[in-house]
Amino acid sequence: MIRQRSNLIERCPECGNSTILQDSKSAELVCTNCGFVLTTDMTDMGPEWRAFTPEERKTKVRVGAPQTFMLHDKGLSTKIDWRDIGNFAPKKKAQLYRIRRWQQRIRVSDSIEKNLAVALSEMSRLCETLNLPRSITETAAIIYRKAAKKRLTRGRSIHGLAAASTYFACRQCRIVRSLSEVSMASGINRKELASNYRFLVREFRSFVPPVKPRHYITRLSNQLRLNSKTEEIAHKISRAAKNEKLTSGRGGKSIASAAMYIACKIAGENRTQREFAEAADLTEVTIRNRYREMINRLLIMVSL
DNA sequence: CGGAGTAAAAGGCACTT
DNA sequence: AAGTGACTTTTACTCCG
């Protein structure tokens, strides 16, 4: 679902204010006044570059499609139309045919290029189904290119590696998309996706920080349309839980959900454990366990 | 229905063989 | 690459108001 930017300048249905902001970091449209989230199905239509001065803008702006990592030739090579427009002499026709054939050979020359072409289009499609912003698509493309350059694609499925690169990009850019989500969208089984991802991380010797509870809180509160005040309380509880050493070893999702559940109680927003469990893709039992610990430990803190 | 709680099975991770 | 062990999460279930 692609929406033009012009369609987005509308009134916020929550507060009537018309200051809507594209939050490309979490791929959401947010009202700057009340924090209401209008849509999460956002496509970033902006340029891939930034300019800070008019001079810079002048040098960067250009005609034609922007250069992109999403095309195997970065969108730079020449394309020759497949048809003959106009009447040509047979000799000319033959020449055109030869030119076209060579152009084709040059454009998608070796096996790496062919591999790239398939992978990049697959990643574009995947990012679109996952409603990921353009920046992620580009990052995923860069990761895949790096892998291809290191010849890591050998003996592995292109689709599997493409999905893993996309997941990698999400983790690097702190945009929460779970392995299951990427797995569902790509049709790659979860375990294979996870192992491909680990393989890439190992090969690149890169350290990817785990997803922190606060990232989940931000996403879940948008997903469940929670009050921004409630979200704030949840962040505080989550920080307090961390100080009380309740977070190590536990999944970030469970900490976030429990903190948010408590925050809702405090703020008087009636939400069920079930709602959180569904949104965060875990069970009520897990939320109860974390939440019980928090209540106990944080009450001790209060009584001291 | 929403929630508290439990035991046992399953899952994921660091670490070894 | 398979095995191990400590640990978390899920499954499946009972009970409460």
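Computed from heavy atoms alone, side chains included, the values below leave out hydrogens, waters and symmetry copies. Computed from a predicted structure; not experimentally measured. Chain identifiers are assigned alphabetically (A, B, ...) following the order of the sequence lines, protein sequences preceding nucleic acid strands; residue numbering begins at 1 within each chain.
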Treat primed atoms plus P, OP1 and OP2 as sugar-phosphate and everything else as base, then score nucleotides 1-13 of chain B 5' to 3': B for base contact with protein heavy atoms under 4.0 Å, S for sugar-phosphate contact only, - for none.
-SSBBB-----S-

Test item: side-chain donor near acceptor, A/Arg219 and A/Asn222, under 3.5 Å:
no

In terms of side-chain heavy atoms, does A/Ser183 have a donor or acceptor partner in A/Ser180 at a distance below 3.5 Å?
no

Applying the 4.5 Å side-chain criterion to the ILVMFWY set and letting contacts propagate, would A/Leu126 and A/Leu179 be lumped into a single cluster?
yes

Shared ILVMFWY cluster between A/Ile295 and A/Val285, side chains joined below 4.5 angstrom?
no

From the list A/Glu284, A/Glu278, A/Arg288, side chain to side chain donor-acceptor pair (under 3.5 Å) with A/Gln273 holds only for A/Arg288

Surrounding NE2 of A/His159 (heavy atoms of other residues, nucleotides or ligands, distance under 6.0 Å), is the total greater than 12?
no

How are the rings of A/Tyr261 and A/Tyr291 set to each other: parallel, tilted or perpendicular (split at 30° and 60°)?
perpendicular

First and last nucleotide of DNA chain C in contact with chain A, 5' to 3', at under 4.0 Å to a heavy atom: what are they?
C/dT8 to C/dA12

